[in-house]
Every structure is written in C-alpha cells, then in structure tokens.
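Report on one structure; see the data block that follows.
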Amino acid sequence: MKKIFNIMFLCAVVSLFAGCDKEESPFEGSDAHILSFSLTTTDGVKYSASIDAGNILVTVPSGTSLSGASVEYDLCENASINPDPASISDWGNDHLFRVEAYDGSYESYRYSVEYTENIESGTLLFTTQEEVDAFASSGTTTVSGSVIIGAEKEPSSQYDTIKNVDGLASLKEIGVNLVIRDTYKGSNIDGLANLEKAGGIYAGREDEKCALEGGFSLSLPKLASATDIIIVSDSIARISFPSLATVNNKFYVNSKSVEEIEAGALQECLGDVTIEGKSQGSSSNSGTSVNQKLTELSFPALKTVYGNLSVNNIWSLSNADFPLLSEVKGSLSLTYLYGLKELELPSLQMTGGDMKITSNDAMTLFSAPSLERAESVSLASSGSTSINLANIALGSLEEVNGNFSIKYGSMENLSFPKLRKIAGKLELSTFYFLETLSFGSLEECGELSITSIANVRELDFSKVVQTGAIALSNLTALTTFEAPVLRCTGSFSMSNLQKIENINVPFFESAGTLFKFYGGSSSSTASRSAVTKLDWFASLKKADRVEVRYCGNLTDFIGLSSLADNLSDESAWAVSGNRYNPTLADMKNGKYTMQ
C-alpha cells in the first residue's frame, strides 16, 4: 500500500506543474495561448472564432451587429489576458489582446471580424414601403439581377407609396441595373449609400423622362463603377457620384433642373459622356425648355472618353473644367453654353470625331494647346452679332481629317503654325478686326473658303499644291495672294477683292469646273476694283467655265489667252461689267486688250 501511495503522490506533483498540453510537456508556466474564443449576439446567435498565428477571426454574415455581444474564451492554465474581453462591447471593431503566462512571458493576439456576403439571386421589385422595410432584416449585400424601386403605375393608395429606401442600406452590389421609377415619392436615395457597384443606374431612359419629386437628390457616395448612368428627369437638382472611377458604357444626363453634377473621380468612360440641358423631346430653344441652373461642371480626373463627349444647352454654365482630358475617340461637342467665357482643354491631344465648339456667344477664349489631330473642327458663335471670341490657341494642331471652320471672331491675329493637313474644307468667315492670318505649314487642303475679312492684307499658302476648290470673297483689304506651287483646283473663285495687287500662281494650270474673278461685288462697286490686267493667270489652260465681272478698270485679258484657246462654247465665257468685255471670239482672234 505504501508503494502505491508513493506512486499516486508522484503523479499528483507532476500534474500540478504540467502546462496546457498535459500529455506532451511538463508544466513550466510559460504557455500564453488562447485556446478558444466565441461571441454570442444579443439575439442569441453564437459565432466561434478561428485562432491562428496570433489572430482571432470571427466570421459573421454581412449586416450582423456584434455590438453588445457576450464573449466566452479559454486560456492556458494560470495565464491571464489584458484587456479583459468581458469589458468590451464594440466587437465590430478590431482589438489587441496580451496573454501573459505564469512565468511572465506573453503573446499578443489581434481580434478582427470578417463579414461574408449575402447574395440574392434574380431581380427584386419593390412596390411598397413595407417591402423595402422588410428587406433590411435580410442583410443582403449583393443582388445578381436588377433592383427596381417603384411600381410601374401609380399606386392605388398612399400606403403603397415608397417614400424612402433606407431598408436597402446593406446593398453593396447590383449585378444588372438599379431602376428608379417615377412612382417613387422619396426626395433622395440616401438609403443606398453603401452601393459600390452596379450594372446601370437608371432614372428614366434616353427617350423617356422620369418625373420624380421636385428637388430630387441622386447621390451614391460609394459607387465606384457602373456600366451605364442614365438620368433623364426635369425634377433632379443634384447628381453626385464622388467615388465613380469608371463607366463601361454611357454617362448620360438630360435635365433642365439639375444644379450640381459631381463625378470628381471619373477617369474614363468607355462610351459616351453627355450632359444635355434641353428638355427631353423638346424642339424649342426657349429659356423655359433649357437648363439655366447648372453653373459649374467639373470632371477633374477624366482622361479618356472612348465615345462622344457632349455638353449642350446649359445656358448659365460659366465654368467647364476638363484639365486632364487627353483623348476623345468620338466627337467633342460643347454648344449653346451662353454663359461660358473661357474654355480651356490643356491636355487634349486628339479627337477621333468632330470637334464642335459653337453657339457659345460669350466665349472670348478657346484653348487646346496640346491638340494635334481632329476629325473636324468647328468654332463659331451664333452669328455676326456675337463676335466675342478674341483668342484661339491651337498651336500644336497638325492634322484635320475633315473640315476646319472658324466663324465670327474678334481677334486681330490668327495663326496655326504646325497645321499641315486639312483633308476637307478650310472655312474662315466674318472677322471684323483680323489683320494677320497664317497657315505657314499647310501642304494639303481639300477646299479653301475665306470670306468677309476686312483687314487682312496677305494670304500665304505657299506649300499647297492642289485643292478641290478655292473661294475668296469680300476680302476688301487683301493685296497679295501667295500660292507659288499651286497647280490645280476643282474650282477657283475670287470676288470683291478690290485692292488685290499680286496673285502669285505661276504654275496654276487648271481651275476645274469654274474660273471666277469678280473685282467688286456688283456693278455699283466695280469702279473700286484696282485690277487692270490678269497676267497672274498666264499659265492657266483649263476651266469648264469662265466668269470675269465687275472689274471697272480691267482692260487687258492677255493673261487668259491660253484658257480662252481651250474653250469652244461661247456660253462658257461670261464676261461683263468690266471696262473691257471681250467675247470668246474676240479672244480667239487675239483681241485681248481694249483698243
């Protein structure tokens, strides 16, 4: 018995000094481990943590509240923990614990919580406030289909009307579209403040207006990406997407009431960006049918638009800010912005489509100093009564693959030093104060049309070899036209160039369908023309038709002798209103000068 007692005593002593793993190690008092950890929510649901490498991780469904949850945990024998988990109630936040062993050594544990996504498949249609409110308890974070707010038709009772979407606060992602119908009677969608991603955001359609409550605020502060943004409503006052970085298709807003559009993080749009101020479906441009409330429009991060960029019919817009915009692969259109005085696009390098900056009657400056290529360019106010545009900065422009048109300017100097190609028509019209006009690098020009420029004395197109047409009219101060390598045109017309002294076209051989030279604009101004002979055109041999009129001092036609020799139809020779008016027969008989 004594021997048995001694053995039992020895086992008790060993057990007393054993650590947490009683089978593998003797007790040394150095173990500082958390063996288990769990939380029980206030509604009785228990969640056990995983413990690994100093981390305590509790995983719960998204939307679960851990505030006030009770804690259970086990430590190694004789170990202590600080702070006491029982003193903590905000288990939704991270915490750091220190577990101290019997011998004073310790280990640190970091507590955190992970929320799992709760996914709802299919499309959700909410037609009553009760349905919206009931959704809150689901904790759903993701809907694979669409979320539609509001019945298709006006509810039959006030009780069925949805007035807020606070019950949708758990939503983070909508796989297809968020659709807001005009039967929704709330003033905002603030309940969707946690939405981060959606296929599309729709309030109306491009062909159908959504009549929401007046002063409506459409704000999605966490939305980072969407396929489409389509907002067509004359009830919306504020649109805000401060986190939106990418739109995979269209960003389209049509509203005459919107006062603020915020998209400060938007970097690229893979489709069109359209801000339209004219009421959907309206053909009128009256003040009641267009937006007169939006004064500022800023896209400070926007770099690339893969479709078209359009801002139209915003009459009170005084600032349009696109500082980083470098490329518009489609067309660029900013029109009927009557309050806009300056438009600067400092980073724009190219547009793949037409660039149309027209009917902005208060504009004094248009600057795109980095623009190198455009499909076409059109700059103009509404008409000759609005000529405020005093400065155009296109110093890097090299190629225009279509037409290049500028009308109604008030500048004194206009220069395009690098422009070497205009595949379409170069059209300049109505500059009351312009004195110098320079296209020193231009080599290719489809057509040339310059009209109603009263003070320019010289036009130099020294590198242009061929063009489809040349039309110069009402250039009453012009004395010199330089085109020393020009060989042919589709047609050639000069009219009302009263002071012309030198036309340098030594290799000009063919005028195509028409050679037209009018000294004045009519018989009443013929005497003002200083032209006495047409020797400038001595190399000209071909034209289907010849018109020479209103040159009150013209007496010498020898410069057109070669041209006349190649005409056979008397009706193709139209000469009248000059001091000397030879017939085609006269020309063929050598009667070139007045006797």
Side-chain angles (χ1 to χ4, degrees), residues 11-121 136-144 169-173 175 193-197 221-225 243 245-246 265:
C11 289
V13 170
V14 171
S15 176
L16 178 65
F17 289 97
C20 293
D21 190 345
K22 298 179 181 179
E23 295 182 359
E24 295 183 8
S25 63
F27 179 68
E28 297 178 354
S30 61
D31 292 316
H33 304 315
I34 298 177
L35 304 178
S36 65
F37 192 99
S38 65
L39 295 174
T40 302
T41 64
T42 55
D43 53 4
V45 181
K46 185 175 182 178
Y47 298 99
S48 296
S50 62
I51 303 173
D52 181 52
N55 293 300
I56 307 167
L57 180 64
V58 175
T59 302
V60 300
S62 182
T64 300
S65 174
L66 294 175
S67 179
S70 59
V71 61
E72 296 179 41
Y73 62 93
D74 287 321
L75 307 176
C76 283
E77 189 172 358
N78 289 329
S80 61
I81 186 170
N82 186 50
D84 182 0
S87 67
I88 294 174
S89 61
D90 60 335
W91 291 109
N93 298 320
D94 291 355
H95 296 281
L96 184 65
F97 295 103
R98 173 171 168 158
V99 178
E100 186 172 341
Y102 179 77
D103 66 356
S105 61
Y106 67 89
E107 289 193 26
S108 297
Y109 286 83
R110 181 174 295 279
Y111 163 86
S112 61
V113 59
E114 180 181 68
Y115 294 95
T116 59
E117 300 297 326
N118 187 351
I119 300 175
E120 179 80 29
S121 61
S137 62
S138 70
T140 300
T141 58
T142 302
V143 175
S144 63
S170 61
L171 277 179
K172 293 183 179 179
E173 182 174 347
N194 292 312
L195 187 65
E196 298 173 359
K197 184 179 180 181
K222 293 185 179 180
L223 185 71
S225 66
S243 302
T246 302

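Here the closest non-hydrogen pair linking A265 and S243 is CB-C, 3.9 Å. When all heavy atoms are compared, the tightest approach of S144 to S121 is OG-CA, 3.0 Å. Contact detail for L57 and E114: the closest heavy-atom pair is CD1-CB, 3.8 Å.
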I'd like to know whether H95 forms a side chain to side chain contact (heavy atoms under 4.5 Å, CB included) with I88, so could you lay out the CA-CA distance, the side-chain angles of the two residues, the decisive distance to 0.1 Å, and finally the verdict. CA-CA 9 Å; H95 296 281; I88 294 174; 3.6 Å; yes
Please report the C-alpha distance between I81 and L75 in whole Å, then the side-chain angles of each, then the deciding distance to 0.1 Å, and finally whether the side chain to side chain contact (heavy atoms under 4.5 Å, CB included) criterion is met. CA-CA 8 Å; I81 186 170; L75 307 176; 3.9 Å; yes
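Ring planes of W91 and Y111: perpendicular class, angle over 60° (limits at 30 and 60°). Using bins of under 30°, 30° to 60° and over 60° for the plane-to-plane angle, the ring pair F97/F37 lands in the tilted bin.
T140 meets the side chain to side chain donor-acceptor pair (under 3.5 Å) test with S138; sequence neighbours excluded. Listed by chain and residue number, E117 satisfy the side chain to side chain donor-acceptor pair (under 3.5 Å) test with T141 (two or more places apart in sequence, or in another chain). Residues passing the side chain to side chain donor-acceptor pair (under 3.5 Å) test with S105, sequence neighbours excluded: D103. Not counting sequence neighbours, the partners of D74 by the side chain to side chain donor-acceptor pair (under 3.5 Å) test are S36.
In this structure, the side chains of E173 and V143 stay at 4.5 Å or more apart for every pair of heavy atoms. With contacts defined as side-chain heavy-atom distances shorter than 4.5 Å, the pair H33/E107 qualifies.
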List the atom pairs, with distances to 0.1 Å, where a side-chain N or O of residues 48-55 and a protein N or O form a donor-acceptor pair under 3.5 Å, not counting sequence neighbours.
none

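Listed by first then second residue, pairs satisfying ring-ring contact (aromatic ring centres under 6.0 Å, His included) with a partner in residues 45-87 number zero, not counting sequence neighbours.
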